[in-house]
Novice: 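Structure provided below as structure tokens; questions to follow.
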Amino acid sequence: MRKIKEQNTMNNNRRKFLQVSALLGAGAFLPTGLVSAAESFAKLKKFGIQLYSVKEDMAKDAAGTMRKLAGFGYKQFEGFDGGKGILWGMSPAECKDLLKDTGVDFISSHANVFKDLDAQAEQAAEVGMKYLICPYIGAQKTVDDWKKIADRFNDAGKTLKKHGLKFAYHNHAYTFEKLDGQLPQDILMNNTDPKLVDFELDMYWAYVAGYDPLAYVAKFPGRFTLCHVKDAEAAGSDAHDRGVLLGKGEIPYVDIIKQSKKYGMEYFVVEQERFVNTNPLEAAERNASYLSNLSL
């Protein structure tokens, strides 16, 4: 009897969803009950993975690993330079063929943006990337030092603009630790040109540093177009060693993903660096399943 009731509920919800779809197509006003049904079926259609999450597998077989990730449901890749360049030893043509075969977009790559930037930008643009990202800059000693870093980011942004790309910076916890009463992340936000510099918010690092990731995105609407989605286990352990599978920690990703879109967030990129009772590829598959099944 319980199974029959559950099935009837599912059928009713599906009928409501189909009604919503038909009404939306006709441009009709939606009654409250149907709006709720539509919202309950909202899904994250596309999400990516930072390939550093499976760096050992990438080192052994980059193309094969990327094919496996595509099979898990990832529609976007974010790369990193693992010693073979941002295309992992592939020519742009080879990389484009792989992306076409797998149906994945190579949206961005972490890179050394202060060396051979033009050459890297040419490769990135040829395979359709939108961003080259500075993954780490290190804590600075003074506020003025941070302002100089902002100037370097602006310069990198100018170079990338010539290639049709944009620069972005990926934070760690140190930009959320106050220096002389100021937050380094604020200094970067306020001293970079929005036309040249975007930011990739690592939700985990902001969170473990004591900041609400969603509130910070809302503070600077339009500046965070990418984010790293990785979960943190309950407080009490080392802030630098709290990474867990998505849904196994305490970061409220359903609300964050849903609400952050309102402030310009476009790309949700899985990253995991700590693996407990699992391995990188298995974790990648489970994280993809988690995001695929979220009701936003």
Side-chain angles (χ1 to χ4, degrees), residues 43-111 120 123-133 135 168 170 200 202-204 226-233 241-249 251 253-254 257 266-296:
K43 298 292 183 181
L44 185 61
K45 294 180 180 180
K46 289 185 178 182
F47 51 84
I49 184 168
Q50 165 52 255
L51 298 175
Y52 187 80
S53 303
V54 290
K55 58 184 182 296
E56 291 88 359
D57 298 281
M58 287 292 293
K60 295 175 183 176
D61 180 4
T65 299
M66 293 163 80
R67 290 184 184 279
K68 287 180 182 178
L69 295 171
F72 297 159
Y74 292 102
K75 295 298 183 183
Q76 298 159 343
F77 290 148
E78 179 177 86
F80 73 102
D81 188 337
K84 299 179 181 179
I86 60 173
L87 300 186
W88 283 82
M90 290 181 275
S91 69
E94 290 171 331
C95 186
K96 288 167 69 175
D97 285 343
L98 174 62
L99 297 173
K100 184 178 180 179
D101 288 346
T102 57
V104 179
D105 293 323
F106 211 148
I107 59 169
S108 56
S109 184
H110 286 193
Q120 293 184 87
Q123 282 195 324
E126 195 166 347
V127 299
M129 287 189 202
K130 295 175 173 62
Y131 295 90
L132 283 181
I133 301 171
H170 162 273
E200 178 176 60
D202 190 300
M203 301 284 189
Y204 172 94
L226 313 97
C227 67
H228 273 184
V229 179
K230 57 184 176 184
D231 218 338
E233 65 184 2
D241 194 32
R242 290 171 59 184
V244 290
L245 291 165
L246 292 178
K248 301 298 183 181
I251 300 180
Y253 274 116
V254 173
I257 292 173
E266 298 180 45
Y267 301 103
F268 299 89
V269 182
V270 170
E271 184 181 47
Q272 188 163 346
E273 299 170 277
R274 175 178 180 255
F275 305 93
V276 179
N277 298 322
T278 187
N279 61 64
L281 274 176
E282 180 185 44
E285 185 173 19
R286 293 172 68 180
N287 286 332
S289 177
Y290 171 84
L291 290 178
S292 295
N293 289 294
L294 283 185
S295 292
L296 302 174

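Just so you know, these numbers come straight off a predicted model, no measurement behind them. Both backbone and side-chain heavy atoms feed into the values below; hydrogens, waters and symmetry mates do not.
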Novice: Any carboxylate oxygen within less than 4.0 angstrom of a Lys/Arg side-chain nitrogen, looking at K68 and D57?
Specialist: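 Answer for the salt bridge query: no.
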Novice: With rounding to the nearest 0.5 angstrom, report the OH to OH distance, Y253 to Y290.
Specialist: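 The OH atom of Y253 sits 8.5 Å away from the OH atom of Y290.
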Novice: Nearest heavy-atom pair of E56 and P280: which atoms, and what distance?
Specialist: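 Taking every non-hydrogen atom into account, OE1-CG, 4.2 Å.
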Novice: Taking atom CG of N293 and atom NZ of K43, what is their separation to the nearest 0.5 Å?
Specialist: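 If we round to the nearest 0.5 Å, N293:CG and K43:NZ are 5.5 Å apart.
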Novice: Identify the two heavy atoms, one from A283 and one from Q272, that lie closest to each other, and give their separation to 0.1 Å.
Specialist: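 Looking at all heavy atoms of both residues, the closest pair is CB-OE1, 3.8 Å.
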Novice: Please examine the side chains of V104 and Y74, heavy atoms only from C-beta on, and report whether any two atoms are closer than 4.5 Å.
Specialist: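 Y74 vs V104: side chains apart.
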Novice: Does atom OH of Y52 have more than 12 heavy-atom neighbours, drawn from other residues, nucleotides or ligands, at distances under 6.0 Å?
Specialist: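 Atom OH in Y52 is not crowded, with 12 or fewer foreign heavy atoms closer than 6.0 Å.
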Novice: Considering only heavy atoms from C-beta outward, does the side chain of L44 approach that of L294 to under 4.5 Å?
Specialist: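 Side chain of L44 against side chain of L294, heavy atoms only: no contact under 4.5 Å found.
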Novice: Any side-chain heavy-atom pair from F268 and C227 closer than 4.5 angstrom?
Specialist: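 Answer yes - side chains close enough.
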Novice: Within a reach of under 6.0 Å around NZ of K46, are more than 12 heavy atoms found that belong to other residues, nucleotides or ligands?
Specialist: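 Atom NZ in K46 is not packed in, count stays at 12 or less.
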Novice: State, with a plain yes or no, whether a side-chain heavy atom of D241 is found less than 4.5 Å away from one of E273.
Specialist: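 D241 vs E273: side chains apart.
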Novice: Between D231 (side chain) and L246 (backbone), is there a donor-acceptor pair under 3.5 Å?
Specialist: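 The answer is no, because no donor-acceptor pair under 3.5 Å joins these two groups.
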Novice: To the closest 0.5 Å, what do you measure between CZ (F275) and CG (L245)?
Specialist: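 If I round to the nearest 0.5 Å, the distance is 8.5 Å.
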Novice: Would you check if the distance from the ring center of W88 to the ring center of F80 is below 6.0 Å?
Specialist: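 Ring centroids of W88 and F80 are less than 6.0 Å from each other.
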Novice: Checking the side chain of R274 only, and the main-chain atoms of G243 only, is there a donor and an acceptor separated by less than 3.5 Å?
Specialist: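 Yes, the answer is positive, given that a donor and an acceptor are paired below the 3.5 Å cut-off.
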Novice: Which pair of heavy atoms, one from K84 and one from A59, lies closest together, and at what distance?
Specialist: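 Reported closest heavy-atom pair: NZ-O, 3.5 Å.
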Novice: Nearest 0.5 angstrom please: Q123 CD to L132 CG, how far?
Specialist: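 Separation between the atoms: 10.0 Å.
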Novice: Roughly how far apart are F106 CZ and I86 CD1, rounded to 0.5 Å?
Specialist: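 Here the rounded value is 7.0 Å.
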Novice: Got a donor-acceptor contact below 3.5 angstrom from the E94 side chain to the S91 backbone?
Specialist: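 Indeed, once roles are kept as given, a pair shorter than 3.5 Å links the two residues.
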Novice: Among side-chain atoms of S108 and K130, is any donor-acceptor pair under 3.5 angstrom?
Specialist: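 Checked: S108/K130 side chains show no N/O donor-acceptor pair below 3.5 Å.
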Novice: Walk me through whether K230 and V270 qualify under side-chain contact (heavy atoms from CB on, under 4.5 Å).
Specialist: CA-CA 6 Å; K230 57 184 176 184; V270 170; over 6 Å; no
Novice: Could you check whether any side-chain N or O of S53 sits under 3.5 Å from a backbone N or O of Q50, counting only pairs where one atom can act as donor and the other as acceptor?
Specialist: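 Checked: pair present.
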Novice: Verify side-chain contact (heavy atoms from CB on, under 4.5 Å) between F72 and I49, making sure each step is shown before the conclusion.
Specialist: CA-CA 11 Å; F72 297 159; I49 184 168; over 6 Å; no
Novice: Could you walk me through whether L51 and L69 satisfy the side-chain contact (heavy atoms from CB on, under 4.5 Å) test, starting with their C-alpha distance in whole Å, then the side-chain angles of each, then the deciding distance to 0.1 Å, before giving a yes or no?
Specialist: CA-CA 9 Å; L51 298 175; L69 295 171; 3.5 Å; yes
Novice: Is there a donor-acceptor pair under 3.5 Å between the side chain of D81 and the backbone N or O of G85?
Specialist: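 Yes; judged by distance alone, with no hydrogens or angles, the pair exists.
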Novice: Measuring from atom CG of D105 to atom CD of Q76, what distance do you get when rounded to the nearest 0.5 angstrom?
Specialist: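 If I round to the nearest 0.5 Å, the distance is 6.5 Å.
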Novice: Considering the options D202, V229, I107, which one meets the side-chain contact (heavy atoms from CB on, under 4.5 Å) requirement together with V269?
Specialist: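 Testing V269 for a side-chain contact (heavy atoms from CB on, under 4.5 Å) against D202, V229, I107 leaves exactly one candidate, I107.
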Novice: Do any N or O atoms from the side chain of S292 and from the backbone of A288 form a donor-acceptor pair under 3.5 angstrom?
Specialist: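 Side chain of S292 to backbone of A288, a donor-acceptor pair under 3.5 Å: yes, one is there.
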Novice: In plain terms, say whether E233 and R242 are close enough for a salt bridge, that is, a side-chain N and a carboxylate O under 4.0 Å apart.
Specialist: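 No, this pair does not count.
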Novice: Take a 6.0 Å sphere around CG of N277 and say whether it holds more than 12 heavy atoms from other residues, nucleotides or ligands.
Specialist: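 Counting neighbours around CG of N277, 12 or fewer heavy atoms of other residues, nucleotides or ligands fall under 6.0 Å, so no.
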Novice: Apply salt bridge (Lys or Arg N to Asp or Glu O under 4.0 Å) to residues E126 and K96 and explain how you reach the verdict.
Specialist: CA-CA 8 Å; E126 195 166 347; K96 288 167 69 175; 5.1 Å; no
Novice: For E200 and H170, which I'm curious about, is there any donor-acceptor pair between the side chains at under 3.5 Å?
Specialist: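 No - no donor-acceptor pair under 3.5 Å links their side chains.
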Novice: Go through S109 and E78 one step at a time and tell me if the side-chain contact (heavy atoms from CB on, under 4.5 Å) criterion holds.
Specialist: CA-CA 5 Å; S109 184; E78 179 177 86; 5.7 Å; no
Novice: Less than 4.5 Å apart, side chain to side chain, heavy atoms only: is that true for L98 and M90?
Specialist: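 Answer yes - side chains close enough.
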